[in-house]
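Below is one structure, written out as structure tokens; comments come after it.
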Amino acid sequence: MSWHDGDRHRLVHRFDRLAVQYRGATWGVTVGREAVSWGSGLVFQPMDLFSPFAPTTVDRDFKNGDDLLIVDKLFSDGSDLQFLGVARRNLEGDATSDVASAALKWRQFLGGSEMELFGGKHYRDQVYGGSLRVPVGSAMLRTDLVATRLDVDGDWYVSGILNLDYSFDLVGRSSYVFAEYYHNDFGVSTLPPNPVLLPEALTERLLRGEVFNLMRDYLALGGTIQWHPLWTQSLTLIGNLQDGSSILQTTLSYVPSDQATIDAGVT
């Protein structure tokens with residue numbers, strides 16, 4: 001919201017967190033501006049349709065909030081049902097159903113595994129999908145699939161991730177490695193000579209900050225090592241499987257106290 005505009009200045013404000021919550025034994029309700037995350041992605045988040053992190057984001061401790069309504073129902077077997085409604089404003093500043101989201105998500109434990117299924121409406125399109133998390137020895141295998149049916153022409157797009165991560169000790173130092181494959185069905189196999197020629201379904205999602213990749217298939221490899229209780233280093237390689245391009249990131253974090261963290265990184 002804008003407070004004041006001048007010739008040489010602009011004063012604006014934004015609340016990232018402002019919500020009222022109720023928590024009972026089996027019911028929960030949240031109304032207001034709050035952050036929500038769906039899915040199991042480590043680098044890519046195809047199931048997080050609301051305000052996902054970009055793949056190159058280093059600091060994921062804080063996430064922007066959305067204007068939403070969440071209703072949670074917990075069942076005696078540990079499963080739960082969640083309704084999520086997200087309100088937005090269009091380019092004219094009006095809150096309409098054409099730019100809103102509403103979905104139901106069911107979560108169920110299957111022994112040591114966990115499954116989620118969801119369906120709903122995102123902007124004007126139908127969305128369906130699910131997530132599965134399965135322990136494989138000491139590692140964890142996760143997969144997310146999201147199917148989108150466009151309102152414009154009825155075409156279907158199926159995107160998803162498959163990842164595996166593992167924590168271990170390396171010469172007495174706490175370490176962690178992961179690998180993640182991402183398929184972006186809205187992407188292209190070959191980049192056009194002019195960005196204007198990109199598919200409309202892709203450019204819409206790029207502008208909304210919902211998709212961050214132009215092409216279809218990506219692989220991310222990474223890991224973290226704790227050199228010292230106060231010093232931790234992470235390394236991530238993201239590769240485009242279509243054209244062979246890649247991004248390499250490394251970040252060193254220093255935590256001098258519970259109230260401060262210093263990060264330095266190179267991309």
**Item:** Residue among Leu214, Leu198, Leu197 satisfying side chain to side chain contact (heavy atoms under 4.5 Å, CB included) with Thr203
**Value:** Leu198

**Message:** If we check side chain to side chain contact (heavy atoms under 4.5 Å, CB included) with Leu248, which of these qualifies: Leu235, Thr267, Thr236?
**Reply:**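 Between Leu248 and the candidates, side chain to side chain contact (heavy atoms under 4.5 Å, CB included) is satisfied uniquely by Leu235.
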
**Request:** On the 0 to 90° scale, with breaks at 30° and 60°, tag the Phe178-Tyr176 ring pair as parallel, tilted or perpendicular.
**Result:**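 Ring orientation of Phe178 relative to Tyr176: tilted.
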
**Request:** Look at the aromatic rings of Phe44 and Tyr218 and report parallel, tilted or perpendicular, splitting at 30° and 60°.
**Result:**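 The arrangement is tilted - the two ring planes meet at 30° to 60°.
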
**Asked** Under the side-chain hydrogen bond (donor to acceptor under 3.5 Å, both in side chains) criterion, do Asp144 and Ser131 qualify, and how do the steps go?
**Response** CA-CA 4 Å; Asp144 292 348; Ser131 179; 2.6 Å; yes

**Request:** Measure centre to centre between the rings of Trp106 and Phe75, then say whether the value is under 6.0 Å.
**Result:**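 They qualify: ring centres under 6.0 Å apart.
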
**Prompt:** Ring centroid separation for Tyr22 and Trp27, is it under 6.0 angstrom?
**Reply:**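 No - the distance between ring centres of Tyr22 and Trp27 does not fall below the 6.0 Å cut-off.
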
**Prompt:** Do Arg33 and Phe15 meet the cation-pi criteria used here (NZ or CZ under 6.0 Å from the six-membered ring centre, within 45° of the axis)?
**Reply:** no

**Prompt:** Do Arg208's NZ or CZ and the ring of Tyr123 fall within the cation-pi criteria of under 6.0 Å and 45°?
**Reply:** yes

**Message:** Going by the rule side-chain hydrogen bond (donor to acceptor under 3.5 Å, both in side chains), which residues pair with Asn240 if we only count those two or more places apart in sequence or in a different chain?
**Reply:**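 So Asn240 forms a side-chain hydrogen bond (donor to acceptor under 3.5 Å, both in side chains) with Asp243.
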
**side-chain contact (heavy atoms from CB on, under 4.5 Å) partners of Thr251, counting only residues at least two apart** = Val58, Ser234, Ser253, Asp263

Separation between [atom1] of [X] and [atom2] of [Y], rounded to the nearest 0.5 Å:
| X | Y | atom1 | atom2 | result |
| --- | --- | --- | --- | --- |
| Leu104 | Leu117 | CG | CG | 11.5 Å |
| His183 | Arg216 | NE2 | CZ | 4.5 Å |
| Gln108 | Glu116 | CD | CD | 11.0 Å |

**Prompt:** Between Thr190, Asn213, Asp217, which is the residue that forms a side-chain hydrogen bond (donor to acceptor under 3.5 Å, both in side chains) with Gln242?
**Reply:**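 When Thr190, Asn213, Asp217 are each tested with Gln242, the side-chain hydrogen bond (donor to acceptor under 3.5 Å, both in side chains) holds only for Asp217.
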
Under 3.5 Å, is there a donor on one side chain and an acceptor on the other for [X] and [Y]?
| X | Y | result |
| --- | --- | --- |
| Gln126 | Trp156 | no |
| Asn163 | Tyr182 | no |
| Asp77 | Ser79 | yes |
| Thr56 | Gln249 | no |
| Ser51 | Asn64 | no |
| Ser101 | Lys121 | no |

**Prompt:** Around Arg23, counting heavy atoms of other residues, nucleotides and ligands shown, do more than 12 lie under 6.0 Å from its CZ?
**Reply:**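 Correct, the count exceeds 12.
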
**Nearest heavy-atom neighbours spanning His122 and Val127** =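 Nearest heavy atoms, His122 then Val127: CB-CG1, 3.9 Å.
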
